[in-house]
Amino acid sequence: MLIYDTLSRRKREFVPLRQGEVRMYTCGPSVYSTPHIGNFRTYVVEDVVKRVLLFNGYRVTHVMNITDVEDKMVREARGSRRRLREIAAKNERYFKECSRRLNLIPADHYPRASENIEAMVALIKRLMDRGLAYRDEAGNIFFDVSRFRRYGMLSHYRFRRGLEGRIYRDDYSQGEAGDFILWKAWRRSDGDIYWDTELGRGRPGWHIECSAMSIRYLGIPFDIHMGGIDNIFSHHENEIAQSAGATGKIPARYWMHVRHLMVNRRKMSKSLGRSYTVEELRRRGFSYRVIRAYLLSQHYRRRLNFTFPGLRRKAREVQRCQDLIRRLRRVKGAVDSEAADRAIDRALSDFTFHVNNDIDIPAALDTLCSLVRRLDQLERRGKLGPGNASRALQAIRRMDSVLGIIF
RNA sequence: GCCGGGGUUGCUAAGCUCGGUAAAGCGGUGGGCUGCAGACCCGCUAUUCGUCGGUUCAAAUCCGACCCCCGGCUCCA
C-alpha cells in the first residue's frame with residue numbers, strides 16, 4: 001500500500017509500526033459552529049483511508065479530537081462556561097449525526113480538549129523544563145521556535161528569525177517570526193472559562209491539544225496523522241514542534257492532507273460566501289450516499305469543484321449501481337458464464353490496486369462503474385447466471401466496504 | 001514576496017513518472033429492446049491537449065520561456 005506523505009513529499013510504502021495494527025489520528029471539528037460539506041470532504045476521506053486499511057486486513061485504532069476550547073468557542077460563549085458547554089454539546093451532536101448519515105465509521109475515541117487539560121498542562125511543563133517554552137509578564141506561555149531546529153520541516157515554511165515574534169497580541173501571537181502560544185492566561189473577557197492549574201489560571205492554546213491527546217490516546221510515535229491541507233501550517237507544524245520538543249520523537253510516521261472542496265473556484269467556506277451543509281443538500285433531494293460519493297469523486301490530493309450538475313451526475317451513477325444490485329438479486333434462468341467471472345475477478349483486483357495506490361478512489365470508482373456496465377451487457381446477452389450474480393454481489397459488497405456509497 | 005497545485009472534447013476529467021500518435025462517465029444525437037415509459041443494449045460525438053519555441057523518425061507526455069487560474073503563508077477541513 002502506497003501513501004503520499006507530506007513530510008517526505010513522496011509516496012511511501014506503508015508499513016505500520018506494529019505489525020497488523022494501525023494507529024491513526026485525525027484532526028476533528030472545532031465545535032463552535034456547524035460544519036459544511038467542505039469540512040466533511042476531509043472527514044469522508046479520512047474515513048475511506050481507515051476503510052482501506054481495514055480492507056487490507058489491518059486493525060485500526062482511530063482517534064478524532066473534538067476541539068471545544070479555543071478562541072472562537074470562547075468568543076461564541078461570551079465568557080460563559082455553561083454556554084460554552086451547551087454550544088459544544090449541540091455542535092458535537094450535530095457533527096456526529098452528520099457523520100453517521102454520511103456513513104462514517106465512528107472513531108474509537110473522540111477526546112474533548114476540555115477533558116484533557118491535565119495532559120496538556122503536563123506537556124507544557126515538560127517543554128518549559130526543557131527550555132523550549134517561556135512565560136511572559138501576563139502569564140502566557142509560548143513555544144520558543146528558535147529552540148527547535150527542525151521547525152518548518154513539514155510546511156517548508158521559511159521562518160525568519162530575530163523579528164519581534166514574541167508579542168502577545170489579542171489572539172495568537174505567531175506572526176511570521178512568531179512563537180506560538182501554549183497557554184493563555186485568564187483575561188476578564190474569558191469570564192468563567194478557565195482552569196486553575198500549576199501553570200496558573202487560564203486555558204490551553206489550540207495546538208497543544210492535538211499533541212497532548214494524540215500522545216495520550218495513541219502513544220508516540222503513531223502511524224498516520226491526517227487533516228485538511230490548511231493544517232500543514234501552522235497547526236501540524238506546531239504539533240510536531242511540541243510533541244517532538246517534549247519527547248524527542250516526531251509524532252506520526254505518515255502525514256496525509258486533504259485538499260479543499262471548492263465552490264466557484266474558491267475554497268468553500270462560510271465567510272467567503274457560499275457554503276452548503278449536508279442537510280441543505282439532503283433537502284434538495286440528494287441522498288447521503290450520493291453526497292458521500294460526490295465528496296469522493298476526486299482524488300483527495302486534488303481540489304474538488306463543487307457544482308450541482310456534478311452532484312446530479314454522481315446521483316445517476318450511484319443509482320445505476322443500485323439498480324444493478326437489485327437486478328443481480330433476481331437473476332435466474334440464465335446460465336453462468338466464465339466471461340462474467342473473469343470480469344468480476346479483474347474488477348476486484350484493479351480495485352485493490354487503485355485503493356492501495358495512495359487511496360485512488362476515483363480510479364477505484366471507475367473500476368466499479370466499468371464492472372457494472374459490463375455486467376449489464378452480459379445480462380443483456382443472457383450470459384449472467386445466478387452463480388455469477390452472487391459472486392458479483394459479493395465483490396461489489398467488498399468494494400463498497402471501502403466506498404460506503406451503495407449498501 | 002515565499003511554498004504548493006492546475007490549465008486536455010459541451011461538462012466532470014484519465015493519460016504526463018517509463019515520449020509512439022487522445023480513457024471513462026455525464027450530456028447530446030441516431031438506432032435497438034419494450035404494450036407505453038423508464039431501465040438496459042449498440043453506434044456517433046476532441047486531427048487535438050494554456051501560448052510560443054526547442055529536442056526527436058515520433059510530444060498532451062521531455063527541455064526552455066511566457067500567459068492565466070487557484071490553495072497555503074492570520075483562525076480554518
Side-chain angles (χ1 to χ4, degrees), chain A residues 6 9-11 26-30 32-33 35-46 64 67 70-75 95 152 154-160 169-178 180-181 205-207 226-237 256-272 275 293-295 297-324 326-327 354 360 362-363 365-370 372-382 384:
Chain A
T6 308
R9 288 178 155 176
R10 59 192 174 86
K11 279 190 196 178
T26 60
C27 281
S30 177
Y32 67 92
S33 74
H36 53 70
I37 54 168
N39 301 308
F40 272 105
R41 179 188 190 192
T42 298
Y43 305 134
V44 168
V45 167
E46 289 164 350
M64 176 183 268
T67 302
E70 45 80 62
D71 288 342
K72 283 180 183 170
M73 284 296 307
V74 174
R75 207 175 303 140
F95 167 74
L154 182 70
S155 58
H156 300 93
Y157 181 69
R158 269 193 230 157
F159 174 65
R160 287 185 226 149
R169 288 191 227 110
D170 194 16
D171 286 307
Y172 294 128
S173 72
Q174 76 265 39
E176 282 195 322
F180 55 90
I181 198 151
W206 177 45
H207 309 295
M226 288 192 75
I229 192 170
D230 47 10
N231 280 152
I232 293 176
F233 191 89
S234 59
H235 189 52
H236 292 165
E237 190 71 66
M256 299 177 75
H257 296 276
V258 184
R259 244 191 168 67
H260 288 306
L261 178 65
M262 317 293 286
V263 59
N264 293 331
R265 309 177 117 196
R266 305 248 163 200
K267 76 171 179 178
M268 181 173 287
S269 97
K270 261 188 187 165
S271 49
L272 290 174
S275 74
Y294 186 63
L295 293 176
S297 61
Q298 177 61 290
H299 185 82
Y300 77 94
R301 283 194 287 122
R302 302 188 112 224
R303 55 172 77 96
L304 170 60
N305 214 349
F306 178 85
T307 61
F308 279 102
L311 195 54
R312 275 179 228 116
R313 206 177 300 136
K314 222 58 203 172
R316 242 169 270 128
E317 222 172 276
V318 171
Q319 187 62 49
R320 183 168 186 177
C321 289
Q322 291 171 339
D323 283 346
L324 176 75
R326 204 166 306 127
R327 271 178 286 129
H354 287 126
D360 193 348
L365 206 57
D366 244 34
T367 303
L368 173 61
C369 289
S370 300
V372 168
R373 187 180 188 74
R374 185 84 186 110
L375 292 173
D376 277 341
Q377 286 172 342
L378 290 164
E379 185 200 19
R380 179 80 186 175
R381 293 171 192 160
L384 190 73

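Each chain gets a letter, A, B and so on, in the order the sequences are listed, and its residues count up from 1.
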Exercise for the section: Answer yes when A:Glu317 and A:Lys314 have at least one side-chain N-carboxylate O distance shorter than 4.0 Å, and no when they do not. Expected result: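 So A:Glu317 pairs with A:Lys314 through a salt bridge.
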Practice task
Using a strict cut-off of less than 4.0 Å between a Lys/Arg side-chain nitrogen and an Asp/Glu carboxylate oxygen, indicate whether A:Asp376 and A:Arg373 qualify as a salt bridge.
Solution key: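 No, no charged N to carboxylate O under 4.0 Å.
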Quick check on [N]: is either OP1 or OP2 less than 4.0 Å from any side-chain nitrogen or oxygen of [X]?
X        : N     : result
A:Arg373 : B:G25 : yes
A:Gln377 : B:C40 : no
A:Arg265 : B:G6  : no
A:Arg266 : B:C70 : yes
A:Arg316 : B:G38 : no
A:Lys11  : B:U17 : no
A:Arg312 : B:G27 : no
A:Arg320 : B:C40 : yes

Options [options], nucleotide nearest the side-chain atoms of [X]:
X        : options             : result
A:Arg381 : B:G4, B:C75, B:C42  : B:C42
A:Arg9   : B:A24, B:C3, B:G5   : B:C3
A:Asp366 : B:A24, B:C40, B:C42 : B:A24
A:Arg313 : B:C11, B:A13, B:U74 : B:C11
A:Asp323 : B:A39, B:G6, B:C42  : B:A39

Practice task
Please tell me which of A:Thr307 and A:Ser155 maps to the more 5' nucleotide of RNA chain B, matching each residue to the nucleotide holding its nearest heavy atom.
Solution key: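 Nearer the 5' end of the strand: A:Ser155.
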Handout entry: Nearest-nucleotide 5' precedence on RNA chain B, A:Ile232 against A:Gln298
Key =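 The 5'-side residue here is A:Gln298.
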In whole angstrom, give me the gap between the [atom1] atoms of [N] and [M].
N     : M     : atom1 : value
B:U47 : B:A60 : C1'   : 13 Å
B:A13 : B:G6  : P     : 13 Å
B:U74 : B:C66 : P     : 28 Å
B:C44 : B:C18 : P     : 34 Å

Assign [X] to base, sugar-phosphate, or nothing according to its heavy-atom contacts below 4.0 angstrom with the strands shown.
X        : answer
A:Glu379 : nothing
A:Gly227 : sugar-phosphate
A:Leu261 : base
A:Asn231 : sugar-phosphate
A:Asp376 : sugar-phosphate
A:His235 : nothing
A:Tyr43  : sugar-phosphate

Problem - Separation of B:G5 P from A:Leu304 CG (nearest whole Å) - result: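 After rounding, the gap between these two atoms is 19 Å.
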Handout entry: Between B:A77 (P) and A:Ile229 (CD1): distance, integer Å
Key =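 The distance from CD1 of A:Ile229 to P of B:A77 comes to 14 Å, rounded to the nearest Å.
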Exercise for the section: Check RNA chain B for consecutive Watson-Crick or G-U pairs with both distances under 3.5 Å and list the runs of at least three as stems. Expected result: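 Result, WC/G-U stems under 3.5 Å: B:1-7 with B:67-73, B:10-12 with B:24-26, B:27-32 with B:40-45, B:50-54 with B:62-66.
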Problem - side-chain contact (heavy atoms from CB on, under 4.5 Å) assessment of A:Lys267 paired with A:Asp230 - result: CA-CA 11 Å; A:Lys267 76 171 179 178; A:Asp230 47 10; 4.2 Å; yes
